[in-house]
Protein chains: 2
Amino acid sequence: MKNSPISIETVKNLLEAKGVKPSFQRISVLKYMLQKKNHPSVDMIYQNLITQIPTLSRTTIYNTLKLLNKKRVIASLSISDTELRYDYISDPHDHFLCKQCGQIFDIDALTEAMEPKEINGHDVHEVQVNAKGICSSCRAKMN
Amino acid sequence: MKNSPISIETVKNLLEAKGVKPSFQRISVLKYMLQKKNHPSVDMIYQNLITQIPTLSRTTIYNTLKLLNKKRVIASLSISDTELRYDYISDPHDHFLCKQCGQIFDIDALTEAMEPKEINGHDVHEVQVNAKGICSSCRAKMN
DNA sequence: ATTTAAATTTGTAATGATTACAAACAGAGA
DNA sequence: TCTCTGTTTGTAATCATTACAAATTTAAAT
């Protein structure tokens, strides 16, 4: 999980382009996601940012993620049994969740551009493909 | 959501075939799922069965679903943001969740038998394809 | 049938993620 | 500076799920 350095300015522009007023907290949350690329939970974000923003509230993370989700900057992943995870919206791809360590990995889309707008008369807004199992690193440790 | 009548005996045999001791509560839970085909939450099952089994405990539903899941009789669906839903394991198919009413519909598999055993070195145990949007019935009501 | 052991069910308390809500705060304009 | 609006914060409430131990049921053995 290497960190890609990303400037505040870049994140700020990104938020403005999506119609989100770029507050310090919002920039921090999105910057974290863009750099870590780790499909974080609310708590992963909170635990990391609280070291830099001592006054940060968990509620702000919830508010921010809900807003960014509504503005289609990030997607919420219903892949874990216990908590929502979030992902910056970029090229289409699928996800693999390790049931052992909880890490989520990007994987190539398992099927070609499957984005029907309608199924059986229902309006389709999104389709997510979730694989689950044991990641290579955890399998190695199990020997 | 029409109820297919299913005999106790049928459910009992099904459980035994999967190595699950067919207690009254377990039969009741699985019979409910087979008849309703509604991908229920714990609470949906509980609210229905409590009318027939006044002593029923929610914990029993949790225990039963966990056991049936382990024995591969049912699958747990991470599709709702708020609660786990469960589905009897039969022919491969995908799911559509209505974000308005919360109903889950079976849909034809969006892609052909996509069950890789390995992706990027990770062991894959299961793949779920989840569509979300607004169901036809809810859309009609929104006019 | 009685006794015993094991498995199942039940009820209550704890945990943990998320939401509700109102007070505190910050920034933009007049 | 004052005011208005939007943002952030902290606390309390809610809700799904799990932990756990007591009570009950079942099956086996005598």
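Chain naming here is simple, since letters A, B, ... match the order of the sequence lines and numbering starts at 1 in each. All values below were derived from every heavy atom in this structure, side-chain atoms included, with hydrogens, water molecules and symmetry-related copies excluded.
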Engineer: Heavy atoms under 4.0 Å, any strand shown: does A:Thr82 hit a base, just sugar-phosphate, or nothing?
Structural biologist: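 Contact class for A:Thr82: sugar-phosphate only.
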Engineer: How long is the gap from OG on B:Ser41 to CG on B:Leu77, to the nearest 0.5 Å?
Structural biologist: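 Here the rounded value is 11.5 Å.
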Engineer: What's the closest nucleotide to the side chain of A:Asn63 if the choices are C:dT10, D:dA16, D:dT8?
Structural biologist: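 Minimum distance to the A:Asn63 side chain belongs to D:dT8.
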Engineer: Of the listed nucleotides (D:dT18, D:dT17, C:dA17), which one gets closest to any side-chain atom of B:Glu83?
Structural biologist: D:dT17
Engineer: Let me know, please, whether B:Thr60 or B:Lys21 comes out on the 5' side of the other along DNA chain C by nearest nucleotide.
Structural biologist: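 This one resolves to B:Lys21.
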Engineer: Looking only at side-chain atoms of B:Leu56, point me to the closest of C:dT19, C:dT10, C:dT18.
Structural biologist: C:dT10
Engineer: Which part of the nucleic acid, if any, lies within contact of B:Arg26, taking any heavy atom under 4.0 Å across all strands shown: a base, the sugar-phosphate backbone alone, or nothing?
Structural biologist: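 Sugar-phosphate, backbone atoms only, no base.
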Engineer: Between C:dT18 and A:Tyr62, is there an OP1 or OP2 to side-chain N/O distance shorter than 4.0 Å?
Structural biologist: yes
Engineer: Rounding to a whole Å, what distance do you find between A:Leu84:CG and C:dT18:C1'?
Structural biologist: 9 Å
Engineer: What contact category does A:Thr55 fall into here, base, sugar-phosphate, or nothing, at under 4.0 angstrom with non-hydrogen atoms?
Structural biologist: sugar-phosphate
Engineer: Examine distances only and state if a side-chain atom of A:Arg139 and a backbone atom of B:Gly121 form a donor-acceptor pair shorter than 3.5 Å.
Structural biologist: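 Present.
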Engineer: Please evaluate residues B:Met142 and B:Ile134 with respect to the criterion side-chain contact (heavy atoms from CB on, under 4.5 Å), reporting the C-alpha separation (whole Å), side-chain torsions for both, the decisive distance (0.1 Å), and the verdict.
Structural biologist: CA-CA 10 Å; B:Met142 284 174 176; B:Ile134 303 294; 4.2 Å; yes
Engineer: Distance check needed: D:dT7 C1' versus A:Leu65 CG, whole Å only.
Structural biologist: 15 Å
Engineer: Between D:dT8, D:dT9, D:dT18, spot the one nearest the side chain of A:Ser57, thanks.
Structural biologist: D:dT9
Engineer: A:Ile61 has an atom CD1; how far is it from atom P of C:dT19, in whole Å?
Structural biologist: 14 Å
Engineer: Report yes or no: do A:His95 and A:Asp106 form a side-chain donor-acceptor pair below 3.5 Å?
Structural biologist: yes
Engineer: In Å and rounded to the nearest 0.5 Å, what is the CD1 to NZ distance from A:Ile27 to A:Lys12?
Structural biologist: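 Reported value, rounded in 0.5 Å steps: 6.5 Å.
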Engineer: Nearest to the side chain of A:Gln25 - D:dA16, D:dT8, C:dT8?
Structural biologist: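 Closest nucleotide to the A:Gln25 side chain: D:dT8.
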Engineer: Measure the distance from OH on B:Tyr46 to C1' on D:dA16 and round it to the nearest whole Å.
Structural biologist: 14 Å
Engineer: Mind calculating the distance between CG (B:Leu15) and C1' (C:dT8) to the nearest angstrom?
Structural biologist: 14 Å
Engineer: In whole angstrom, give the distance that lies between atom CZ of B:Phe24 and atom P of D:dT24.
Structural biologist: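 Answer to the nearest Å: 18 Å.
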Engineer: Among D:dC20, C:dT9, D:dT17, which is the nearest nucleotide to the side chain of B:Thr59?
Structural biologist: D:dC20
Engineer: Select one nucleotide: of D:dT18, C:dT19, C:dT9, the one nearest the side-chain heavy atoms of B:Ser23.
Structural biologist: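 Within the option list, the nearest is C:dT9.
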Engineer: Between C1' on C:dA17 and CD1 on A:Ile79, what's the gap in Å once rounded to a whole number?
Structural biologist: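 My rounded result for the distance is 18 Å.
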Engineer: Rounded to whole Å, please give me the gap between CG in B:Leu68 and C1' in C:dT9.
Structural biologist: 15 Å
